Structure formats: C-alpha cells, structure tokens
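Take a look at the structure below.
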Amino acid sequence: MSTSVPSNVAGIHPTITPVPQTPPPGDSPAPPGAAPERLASWISDLTALHDLTERLARTSTLRDALHETLRAGAHLIGARRGLIALRPPAPGDREGPTAPDRLTGYGLTPADLGQLETVPPAAAPHTRLLDGAGDGAATELTHPDLAADDTLDPRLRDVARLLGCAAGHAALLTAEPGTSTGTGTAHRLLAAALWLYDEAAEPDQRQRELLTRYLRHAAQHLAHHAALATARAELATLREGLLPGRLPYLPGVTLAAHHRPRPAGGGGDFYDALALPDGALGLAIGSTAAAGDTGAATVAAVGRLRAGLRAYAVMEGEDPVAVLSDLELLLRLTEPARSATALYGFAEPAAGKLVLASAGHPPPLVVGEHRTEFADTTLSAPLGMLACWEAPSVEIDLAQGETVLLYSAGLLHRTGEPRDRAFARLQSAARAATPRVRADPQALIDHILRALPAGAAAEAGGPYDGREETVLLAARFH
C-alpha cells in the first residue's frame, strides 16, 4: 500500500517523492515490534560509543589513551585482555609516534607481554597487520579457536596456552597525514590492537561494526597524543641542552646539581656554575615566566637569560649586583613583558668567601656542622618588576666543610604548605642530615628530595601535584 502526497500545497512546496510503506516483492514482512526494537538497539549502541569516546577524550597522555582504547575495545567485543603495538618510526621519520613502550598491555603483565614478543612477527596477528598494512590489505584478523587451528605457528599456540588465551581478534588503527588531530599538525599513526578471549569466541557482526567505528575515532585521538608526545620530547631535549652539560672542577669546592623538569618538557628554571679567573667560582640560579607563555617561548627565554648572565659574570663577576643589574637591563630591553627571579654569587673557595645578590629568589641555605641557616640576602623585587632594580650584596664567610644550597621555588612548593612553613621544613630536613651526608653535596641533595617527596602535598590535599620544575645546586667548600 502506498500513499500519495499532494504537490505544491499553497503553491510553495515542491513535489515530494512518496516513501513506500509496503515491503518490496519477495521480502517477508517485518514482525510486529521489530522497528522499535531495532531503533532501541541503535540508540543503545550510539550511547555506548558516545560514553566510550568521551572517556577517551579525557585522557591526558599517550599512555593513558592507549590503555583506554584497549579497555573500551575489550568492552565492545567482550574480551578481557589486550595489547596495542605501535609501529616503530623509521630512521629520520619525524611522523612516527613516540610511545612510552612499543607494546602497551591491558590485563597483561610485563612478563605476559614478553612471552607474546617471542612469537615470530609473521605469526602474531597484530604484527601481521602492521607488516602488511597498505592499500587493500586486511584491517582485522580473527582466530576463534587458537588451540584447534593447526595452521597457526606452534609458538603462537604455545604462548596462548601458557597465558590461558583461547581466541583472539586483531584490528588495525590508522590515522593518515592530513587528517585533523586537534592541534593543526598532520601526523601519521599506525598501530595494531589485539584482544584476547579466555574461551573460544569471536565478535559478531554488530560488535565488529561498533569496534570499527570506535577505533576510527581512537586512531585520530592517539595521533594527537603521539604528535604532542613527540613535540614534548623534542622540547625536553632542547631544554636540557640549555642547562650545563657538566659542572666545573675547581680546587677547594665540590659541586652537585639536580634538575627535575616538568612532564610537559617546558619550564622556566635555570642554573649555572662558572669557573672564573684566579680560581673563583660563579654560582647562579633563577626562574622566568610570562603571562600566556608557551613551553617553547619559556625555553627560548631561559636560553637568552642564561647566555646573558654568563657573559656578565665573565665581565664583572666580582660584583654580583652589577651582574644582576645588567641582566635586568637586558630583560627590560628585549622582553619588557617578562619578569624573572635570579640569584648570583661570586665565590673564592681559597678564602672561604661568597658574595651574593638576589632578585626576588629564595635565599640560599648554608649547611654545616655548627649551623644550618638561610643566608640573609635582603628582600628584593624580581627583575623587570620595578622601574630600576637595585639591591645590596651580602658577604658570607664559609667554614671548612660547609655547603651552600641554591634551589628553585619548586622545592618549596613540594610541601604544599605556606612559604614560611615550607622554609622551616627545608631547614629541618637539612639539619637532620648526618655528617656523612653533609660531606657529599650530591648525597645532601638526595636526602632533601627524600625528605620533601614530590606529590606528598597532593596526597594531603595541597596544591602541588608533582608537575612543577625543581632545581637544586649545591657547593661544598673544603
């Protein structure tokens, strides 16, 4: 039975093609209630996909996104365990993903993954998909009964039996260059996922379709994280290259340093130790930031500040106030919207003297057998905050065996406490160091980091989440 639709109602509507209401010849009529059931099934599937993709979108790292993809895929096809293998980038291929590990498992221990890696690449389903990826190649492989399939490699069957796996389903994930990854950067991702069943089974057609739709979205999200991970790794490499490659060796002083970068690879902290003429030593530490800074902009600013400070230290290092004044002028002329804290000290190890000047930076801590106290560097504003920076210098007489500890504000933030209590905790931690620890500047740094563990404040409900950059520079005079 069909209905006709009047054309040009009121003279404005075009003719509408009638929709057939009866099944075509040869088709059996649908049972009563089939259409609402089918519609309800579609709505349920779309709701499940929406929930899973929302969970994936909330992941913040590549590792988390890989785990969530495996978890969601296992949920969609009824599996319990799985893994994702990322194709390793070819030499010189900047589009290859940077991953925490080539294999990421779900419900599999590192030992289980090690067993799976002993399977020849030509036999493992996920590596077969990766190696054969291309136009017209298979995008999924299913082995409904691993024990009964005599065509499979014996090693694959042995490993499956050892792990208690009876069946497997593998699928390819691809995101080609030119697709949008949310960052405006084209990035190629090629990966294969393998889900394992505890009993002989295989996904039905509906489950395959849902998994395909989900993986199409997941591949783009993983490509975004892979591009971001690659950029962060490159930024971290550049950032480390701007810090001292090694500390100088000078008679009468032993140096040690610790740098804990931010996970994102950026960060505005810097430090330096320079061997100056006549056996003198220049010690510097500082931090910079600006509103709306990106990681790359901060790293570039750190490079300029450290280069400027080294030049001024060589020219007039005996006068720390002059060094910081020149640095403030450089900052004002080149980057008027940026501020920085800095501390510079000119040390004469043979005489046991240290002259310091500070621009808004936390005061150094002097640790020795008879005292553990902060140097009085006087209160001063950061560089770039006032019309003209100026602060007096402070001279410290150092006894044999005493250590001067310079540190960034990130060390204080580890406590998650107000600034005065953070200073007290740092002083208590240094005072608790044994004589043997105080005799080794690196051991002293390690002792303080253990006494002020990263993340302790977050566990106590404080603001610190373990993601802030931390720098320590220790100089022991003997």
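Predicted model only: the values in this text are computed from it and were never measured.
Between atom CG of residue L62 and atom CG of residue L228 there is a gap of 9.5 Å, rounded to the nearest 0.5 Å. Expressed to the nearest 0.5 Å, how far CG of L255 lies from CG of L283 amounts to 6.5 Å. Between atom NE2 of residue H217 and atom OG1 of residue T53 there is a gap of 5.0 Å, rounded to the nearest 0.5 Å. One finds the CG atom of L411 at 11.5 Å from the CG atom of L406 (value rounded to the nearest 0.5 Å). For the atom pair CZ (R421) and CG (L426), the distance works out to 14.5 Å, reported to the nearest 0.5 Å. The CD atom of E68 sits 7.0 Å away from the OG1 atom of T59 when rounded to the nearest 0.5 Å.
Here the shortest heavy-atom pairing between L250 and A280 reads CD1-O, 3.7 Å. Of all heavy-atom pairs between A359 and L383, the closest is CB-CD2, 3.6 Å. Between Y271 and A257 the shortest heavy-atom distance is CE1-CB, 3.7 Å. The heavy-atom pair separating P121 from D131 by the smallest distance is CB-OD2, 4.1 Å. Here the shortest heavy-atom pairing between A313 and L276 reads O-CD2, 4.0 Å. Taking each heavy atom of P251 and P349 in turn, the nearest pair found is O-CB, 3.9 Å.
Using a 4.0 Å cut-off between charged side-chain N and carboxylate O, D440 and R476 make no salt bridge.
Counting only heavy atoms from C-beta outward, the side chains of K353 and D397 approach each other to under 4.5 Å. For the pair L190/L172, a side-chain contact is recorded, criterion being any heavy-atom separation below 4.5 Å from C-beta on. Taking 4.5 Å as the limit, some side-chain heavy atom of R260 sits within range of a side-chain heavy atom of R414. You'll find the side chain of D319 stays beyond 4.5 Å of the side chain of F346, heavy atoms only. R306 is listed as a side-chain neighbour of D272, based on a closest heavy-atom distance under 4.5 Å. Annotation: side chain of L356 is not in contact with side chain of V404 (no heavy-atom distance under 4.5 Å). The shortest side-chain heavy-atom distance between Y214 and I77 does not fall under the 4.5 Å cut-off. At a threshold of 4.5 Å between non-hydrogen side-chain atoms, the residues H258 and D446 do not count as touching.
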TODO: Please assess E469 against H259 for the test side chain to side chain donor-acceptor pair (under 3.5 Å), listing each intermediate value before the final yes or no.
DONE: CA-CA 8 Å; E469 190 173 18; H259 175 224; 2.6 Å; yes
Task: side-chain contact (heavy atoms from CB on, under 4.5 Å) assessment of L173 paired with T69 - done: CA-CA 11 Å; L173 294 86; T69 300; 4.3 Å; yes
- [ ] Take I448 and L405 through the test side-chain contact (heavy atoms from CB on, under 4.5 Å) and record every step on the way to the result.
- [x] CA-CA 11 Å; I448 290 175; L405 181 69; 3.4 Å; yes
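At least one donor-acceptor pair under 3.5 Å links the side chain of Y407 to the backbone N or O of P363. Without hydrogens or angle criteria, H361 side chain to A409 main chain gives no donor-acceptor distance under 3.5 Å. Put simply, the side chain of E369 never gets that close to the backbone of P435: no donor and acceptor are under 3.5 Å apart. Judged purely by atom type and a 3.5 angstrom limit, H225 has no side-chain atom pairing as donor or acceptor with the backbone of A65. Of the possible polar contacts, one joining the T288 side chain to the S339 backbone as a donor-acceptor pair under 3.5 Å is found. S380 places a side-chain N or O within 3.5 Å of a backbone atom of S358 that can act as its donor or acceptor partner. No donor-acceptor pair under 3.5 Å is formed between the side chain of H126 and the backbone N or O of I84.
Take R438 and apply the side chain to side chain donor-acceptor pair (under 3.5 Å) test, not counting sequence neighbours, and it matches no residue. Evaluation of the side chain to side chain donor-acceptor pair (under 3.5 Å) rule for H370 yields no partner, not counting sequence neighbours.
When the shell of 6.0 Å around CE of M385 is examined, it contains 12 or fewer heavy atoms from other residues, nucleotides or ligands. Heavy atoms from other residues, nucleotides or ligands lying under 6.0 Å from CZ of R155 number more than 12. Counting non-hydrogen atoms of other residues, nucleotides and ligands closer than 6.0 Å to CZ of R371 gives a total above 12. Shown here is E140, whose CD atom has more than 12 heavy atoms of other residues, nucleotides or ligands within 6.0 Å. More than 12 heavy atoms of other shown residues, nucleotides or ligands fall within 6.0 angstrom of atom CD in E373. The 12-atom threshold is exceeded at CG of D420, counting heavy atoms of other residues, nucleotides or ligands nearer than 6.0 Å.
Under the side-chain contact (heavy atoms from CB on, under 4.5 Å) rule, S393 has a single partner from T377, V355, V323, which is V355. Exactly one of V159, L163, D158 qualifies for a side-chain contact (heavy atoms from CB on, under 4.5 Å) with R161. That residue is D158.
Note on ring orientation: taking the six-membered ring where Trp is involved, the planes of H169 and W195 are parallel (angle under 30°, cut-offs 30° and 60°).
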